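Let me begin by presenting the structure, written as structure tokens, before commenting on it.
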Amino acid sequence: MLDELPQYFDSLQIEKEVSEYWERENIMQLSFAVNRGKRRFSFVEGPPTANGPPHIGHAETRAMKDLFLRYKTMKGFYIDPRIAGWDCHGLPVEIEVEKKLGIKNKAEIEKLGVSKFNALCKESVFEYVKIWAEASKRLGFWVDYDRAYITMKDEYIESEWWALKELYKKGLLFKDFRISPYCPRCGTTLSAHEVSQGYKEVDDFSIYVKFKITGKDEYFLVWTTTPWTLPANEYLAVNPNFNYLLVNYKGEKIWVVEERAKIVLKKYEILDSKPGSFFVGTKYEQLIPILRVNTGLYVVAGDFVTKEDGSGIVHQAPAFGADDYAVLKKEKGELYVTVDEAGKISLESPWKGLDVQTASDRIIEYLNERGQMIKTEKTSHSYPFCWRCDTRLIFYPVESWFIGVSMVKEKVVEYNQRVNWKPDYIRDGRFGNFLDEGKDWALSRNRFWGTPLPVWTCKNNHVFVPGSKKELLDNSTYVPENFELHRPKVDEVKVKCQECDSEMIREPYPIDTWFDSGSAFFAQYHYPFENQELFNENSPVDFITEAMDQTRGWFYALHVISSLLFDRNAYKNVVVMEFVLNSKGEKMSKSRGDQVDPLQIMDRIGTDSLRLFFFQGPPWKPKRFSEEVSVEFSRKLLGTIYNSYLLFSTNARLDNWRPKKEKLVSDLDKWMLNRTKECISSVTKHMDEYDPHLALDDIKDLVLDLSQWYLRLSRDTFWSKDVTDAKKSSYFVAYETLNSITKMLAPFTPFFSEYLFMKLNGAKSVHLSEFPAEEEFDSSVIEEMNLVKEIVESGRRIRQKNGLILRRPVKEIVVTDPKYGRVMKKFSGLIKKELNTKDIFAADLKSYLRQEHLLDKKSTGRIFGKDLAAAEAEFGRSENQLEFKKSGRVTVLGKTITNENVDTKEHLDERFVSDDTSDLRILINKEFDKKLYLEGLAREMVRRIQSMRKDANMDYTDRIYLRIEGDESLMEAFSSFKEYILSSTQAEEKSSVGGSDKVWDISGLELKISIEKVAP
RNA sequence: GGGGCCGUAGCUUAGAUUGGUUAGAGCACCCGGCUGAUAACCGGGAGGUCGUCGGUCCAAAUCCGAUCGGCCCCA
């Protein structure tokens, strides 16, 4: 206990020792078990895809997770499971493998064989897991890596199958079309992320064509940039709230939205005007009469119609646009697909077999020939290209399975209100807005590596959804060898249809990987096949945290799945973190080359420093990363604690003091202990409310109070010769405060805290100890000390401003408010020492003000005329002043002076100096008498002797011989304060001294000091 | 293009829900002190038009509107 420390703080060395110790003693596992059987706190790890090394943002979220797991453990909660998780499926993994194989599209994968491809994916997933686990451990992120949940395991997938079957039973899992960005060359849809990588600026023809209204000699003006979609036209859309004009344009009657008429047609004559709603249901003639359209060919209303470009009348080809498809669903029309999967026209027409770009050109010619074209123009706009093969993307209908979020939107929205979001504006802002859109979740993917969709269909469109492996196998007619829940094995399983006896085959899709990670809150238990009770005890999950981008990713997936399956929210508290930016406040990026490797940073500045950087400021505020700032901050905080421990422990060890409760002696001790309790209570509150940055601020403040105030003022007590009660009391308080700080800091800086905790207590681990308990405290004690601090600060300021250096004692200091009398008395020793004053007391300001009465020149000028100066002098005489003060009137030069002729000013007594910049007024008596003067000189001498001792490299226990020669008053000071001077400097007076000497100038007085070390 | 968050001293930040003394800390800086925490410790000082503009109000960092900059999400 109270072990020695190296003299200098070396955080890297500490971290090294501590992590070796944890490893050796298996402290992490011990901490997992320490609260077994106690109340639970639940957590789920948002599983990363370990197909690349972790970056600093990952380190930040993991540090934040760890912070609260450690805190809750210290607060006595049992966190089980407390395990890592790995997200294994999905496109990122596939792309990684494609890169390795040097292949680029689905066809090549199929050629290689799905079996081989998926085997490579499976391998690739774990390539970086080792690095991730290593970095996470290095960061001190304590979760069980050996028991990690793995989304590609059959058990995990089986839990998802159960969930999907439940959704199917509720009618929430169904097949539909989705209009997706699609690369005709790769034969695949692209994710939003991929699309956003490939936008380019292109010049395209856009055309205006005319659609004839059935039975009338009027036309709709329609604009499009994709002429190849015109053969598939099924509807026209207008905005019901816009106003449309019928104009005579070159002899033809044409409808166009009012605001665009001038821009598009330039010259025309207005014939009529109608609101958009007027046209809804109006039939029109097919522009290109080739496709047989059984439904449609009438006008619909659409809010998506704008006046920004075009004609305000929008052509709808439901197969090739998301808005268009939504219209089709609403109108319950048929879907006509006029293009094949390779992006070639498939419709029996003059353009069959042409790619869509060429077809567009031909269609423009065709429309021109038929006189249906009003106008052609070239416009520049950004359009998505395939990021892999640079092919122009098209929007294309892809068969897809959906989760019907829109059908139960109310639930999803309602349960969100039960979630405590940090920061809270996410709930109704970014997250709430997204939920309000209530979009269906497109679940299936046209890919290979993922959780297989558990759906088998037969030729009669009957559907079988197995909710477990067993249910599938029980119904199967064929199962391949080495069967597993991945493609291609799972595809080979054949099932007999219960309804029509025909053979059922699997829908060939894997599902969205967000469904994997979003199922973690039950699938990590293999629920409901196992661990039902454990799941129930831990649900909803108490705490999760990830970065902001997960609002529409993991946070969304968890919330939706839980709402639909369990009719409740998945999590209770969620901390949403912002990103780590570079030192200029920009996003770190590969291209700028300013991405930083968290492992390297930890090597350079230490883990605790990096963690402290993350915990500064609210988690939901972007942070600019700088190594220098991190180091500085940690050196300041941890270094101060380290030095405080050194000061305290060095003395306590000399006295053989061992940590134990002692009776409190001084008011300073009582204050420190109350401050500590106050801090504990505030830190606990802030941690419980998920405001870690405020908790850290509380701890910082306490460290300053300990170091800057308590320890500094307790040094005299520490240095007293005997082990007095006062000494024991202050040891106890210093220990107690340091120990509390160490424990409170343990979740923030686990390495440093562990180190210091072991030094303080000789106990096994701070992470097996309890968080300091909240106790009642006396806030009046704290307020009193704040007043004392204020007085000391103010006193020093006044001394400094008036050239009254602290070394010279002053006679008295007055606090000009009598109500502080009791406090001044209580802390008079402390204040006297800090301000070097002989006396301190509180008194009414009035008794230190002198009133001066002056003649009011305006009124008395008329009375005295040119004698005014003489009258002023006469009135200023003290007997006249006194008389006036007593009776309010006095006779001056034969005239009577009354209140009306007098101005009264108040002056501070000349003997005092003050400072009126603060609320609390303090007066310092600046008068010096001889004794004070000599005492000041004595202190000046001591200071110079000490300085010479230091220059001679003496140890503070070394004794010296001393000889003083100099000015008379210096000699007088020396003899008057001889005992003080000699004892302060470990000196003996000697008439001849052989060591070093030096001549000093003390306020103009010459002093020669000679010192010599006494031989031991 | 739509939505959201942020902007306080050179740096890191508190204060915004509930408008109200002189916008509070820490680091760095300058001046000084201490010399038994010394690679430490302490005091004082300077440093802020609270991004900008406008509005509401007796009163705005705080509420409202616009605008600029940074970041994120969606299209």
Side-chain angles (χ1 to χ4, degrees), chain A residues 7-10 181 192 195-196 199 304 306 308 322-323 382 384 423-426 428-434 436-437 439 547-553 556 576-581 583-587 612-613 616-618 620-624 626 628-633 635-637 639-640 642-651 654 693-694 696-698 700-701 703-704 707-709 711-716 718-719 792-801 803 805-807 834-836 917-919 939 942-951 954-957 984-986:
Chain A
Q7 198 170 3
Y8 306 122
F9 171 52
D10 180 349
V195 173
S196 66
Y199 273 94
F304 53 84
T306 68
E308 309 300 315
D323 287 335
S382 73
D424 63 358
Y425 50 71
I426 301 279
D428 298 319
R430 181 176 293 207
F431 195 70
N433 290 344
F434 187 48
D436 283 339
E437 288 177 25
K439 281 189 184 157
M548 190 72 91
D549 55 348
Q550 297 300 325
T551 32
R552 296 184 183 211
Y556 175 77
V576 184
M577 305 192 55
E578 260 292 358
F579 292 89
V580 178
L581 310 172
S583 56
K584 291 192 208 107
E586 301 159 327
K587 196 181 177 183
L612 279 177
F613 167 76
Q616 269 188 100
W620 43 90
K621 251 176 103 166
K623 292 180 182 58
R624 298 175 177 205
S626 144
E628 294 72 35
V629 170
S630 306
V631 168
E632 187 55 39
F633 179 63
R635 197 185 58 77
K636 198 64 207 165
L637 178 66
T640 303
Y642 191 91
N643 284 320
S644 300
Y645 173 81
L646 271 179
L647 170 65
F648 151 71
S649 67
T650 310
N651 287 286
L654 284 172
H693 57 300
L694 299 181
L696 186 58
D697 278 349
D698 289 335
K700 280 186 332 200
D701 288 344
V703 169
L704 291 178
S707 159
Q708 298 184 345
W709 195 249
L711 285 178
R712 195 166 55 80
L713 297 178
S714 298
R715 282 183 301 188
D716 281 349
F718 289 168
W719 298 333
V792 169
E793 274 170 27
S794 179
R796 290 196 148 125
R797 192 163 50 237
I798 295 165
R799 267 178 165 277
Q800 180 133 336
K801 280 190 175 161
I805 60 171
L806 201 55
R807 231 175 286 134
E834 283 294 291
L835 288 176
N836 197 13
T917 57
S918 76
D919 268 355
R939 274 187 70 159
V942 168
R943 181 185 156 229
R944 283 160 176 85
I945 297 164
Q946 301 285 34
S947 160
M948 287 174 71
R949 284 180 59 112
K950 199 181 175 195
D951 288 343
M954 290 189 198
D955 194 80
Y956 79 88
T957 51
S984 307
T985 57
Q986 311 272 35

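All figures in this text were calculated on a predicted structure; none of them were measured in a lab. In what follows, chains are A, B, ... by sequence order, proteins preceding strands, each numbered from 1.
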Working to the nearest 0.5 angstrom, can you tell me the gap between A/Ile798 CD1 and A/Leu835 CG? 9.0 Å

A/Thr640 side chain, from C-beta outward: closest of B/C41, B/C6, B/A37: B/C41

Counting the atoms with a prime plus P, OP1 and OP2 as sugar-phosphate, which does A/Gln7 contact under 4.0 Å by heavy atoms, base, sugar-phosphate, or nothing? sugar-phosphate

Interatomic distance where CG belongs to A/Asp697 and P belongs to B/U12 [whole Å]: 15 Å

Take the protein atom CH2 of A/Trp719 and the nucleotide atom P of B/A37, then report the distance between them rounded to whole Å. 4 Å

Kindly point out which of B/G45, B/C5, B/U13 is positioned nearest to the side chain of A/Pro618? B/U13

For A/Ser707 and for A/Arg712, locate the closest nucleotide of RNA chain B by heavy-atom distance; then report the residue assigned to the nucleotide nearer the 5' terminus. A/Ser707

B/A39 phosphate, OP1 or OP2, under 4.0 Å from A/Tyr8 side-chain N/O: yes

Separation between the C1' atoms of B/C50 and B/U13, rounded to whole Å: 13 Å

So does A/Gln708 get a side-chain nitrogen or oxygen closer than 4.0 Å to the phosphate oxygens (OP1/OP2) of B/C42? yes

Just name whichever nucleotide pairs with B/G1, Watson-Crick or G-U, keeping both distances under 3.5 Å, else none. B/C74

Applying the Watson-Crick and G-U wobble criteria at under 3.5 Å, what pairs with B/A25? Answer none if nothing qualifies. B/U12

Check ion pair A/Arg796-A/Glu793 (N to O, under 4.0 angstrom): no

When you compare B/G48 with B/C58, how far apart are their C1' atoms, in angstrom units rounded to a whole number? 25 Å

Could you tell me how far apart A/Phe718 (CZ) and B/C41 (C1') are, to the nearest whole angstrom? 14 Å

Paired with B/G7 by Watson-Crick or G-U wobble geometry, both distances under 3.5 Å: which nucleotide is it? B/C68

At 4.0 Å (heavy atoms only), tell me whether A/Gln800 reaches a base, stays on the sugar-phosphate, or touches nothing. base

Just N and O in the side chain of A/Lys621: are any of them under 4.0 Å from OP1 or OP2 of B/A14? yes

Using the P atom in both, what is the distance from B/C63 to B/G4, to the nearest Å? 15 Å

What is the base-pairing partner of B/C41, counting Watson-Crick and G-U wobble geometry with both distances under 3.5 Å? B/G33

Applying side-chain contact (heavy atoms from CB on, under 4.5 Å) to A/Phe9 and A/Asn643, what does each step give before you reach the verdict? CA-CA 8 Å; A/Phe9 171 52; A/Asn643 284 320; over 6 Å; no

B/G2 C1' sits how many Å from A/Arg430 CZ, rounded? 13 Å

Evaluate the side-chain proximity of A/Gln800 to A/Arg797: yes if any heavy-atom separation is below 4.5 Å, no if none is. no

Take atom CG of A/Asn433 and atom P of B/C73, then tell me their distance rounded to the nearest Å. 16 Å

Between B/A61 and B/U8, how far apart are the C1' atoms? Round to whole Å, please. 7 Å

Would you say that A/Gln708 contacts A/Thr640 through its side chain, given a criterion of any heavy-atom pair below 4.5 Å between the two side chains? no

Is any side-chain nitrogen or oxygen of A/Arg715 closer than 4.0 Å to OP1 or OP2 of B/G36? no

In terms of side-chain heavy atoms of A/Leu694, which of B/C74, B/G44, B/A14 is nearest? B/A14

Between B/G19 and B/U62, how many Å separate the two C1' atoms, rounded to a whole number? 6 Å

Work out how far the P atom of B/C71 is from that of B/G47, and round it to whole angstrom. 33 Å

5'-most by nearest nucleotide on RNA chain B - A/Asp701 or A/Lys439: A/Asp701

Answer with base, sugar-phosphate or nothing: what part of the nucleic acid does A/Arg807 contact at a heavy-atom distance below 4.0 Å? sugar-phosphate

Can you check whether A/Arg943 has a side-chain N or O nearer than 4.0 Å to OP1 or OP2 of B/C34? yes

Taking the side chain as every heavy atom from C-beta outward, state whether A/Asn836 and A/Arg799 have any pair of such atoms under 4.5 Å apart. yes

With rounding to whole Å, what would you report as the distance between B/C31 and B/G36 at their C1' atoms? 26 Å

Any donor-acceptor pair under 3.5 Å joining the side chain of A/Gln986 to the base of B/G36? yes

Integer-rounded Å distance: B/C42 C1' and A/Leu704 CG: 12 Å

Do any N or O atoms from the side chain of A/Ser649 and from the backbone of A/Tyr645 form a donor-acceptor pair under 3.5 angstrom? yes

With heavy atoms under 4.0 Å as the rule, sort A/Phe434 into base, sugar-phosphate or nothing. nothing

Side-chain donor/acceptor contact of A/Arg624 with base of B/C11 under 3.5 Å: no

Please give, in whole Å, the distance from B/G36 C1' to A/Phe648 CZ? 17 Å

Over 60° means perpendicular and under 30° means parallel, so classify the ring planes of A/Phe431 and A/Tyr556, tilted if in between. perpendicular

Determine the Euclidean distance between corresponding P atoms of B/G70 and B/U18; express it in Å to zero decimal places. 32 Å

Given atom CH2 of A/Trp709 and atom C1' of B/G26, what is their separation to the nearest angstrom? 18 Å

Check every strand shown and say whether A/Leu637 touches a base, only sugar-phosphate, or nothing at a heavy-atom separation below 4.0 Å. nothing

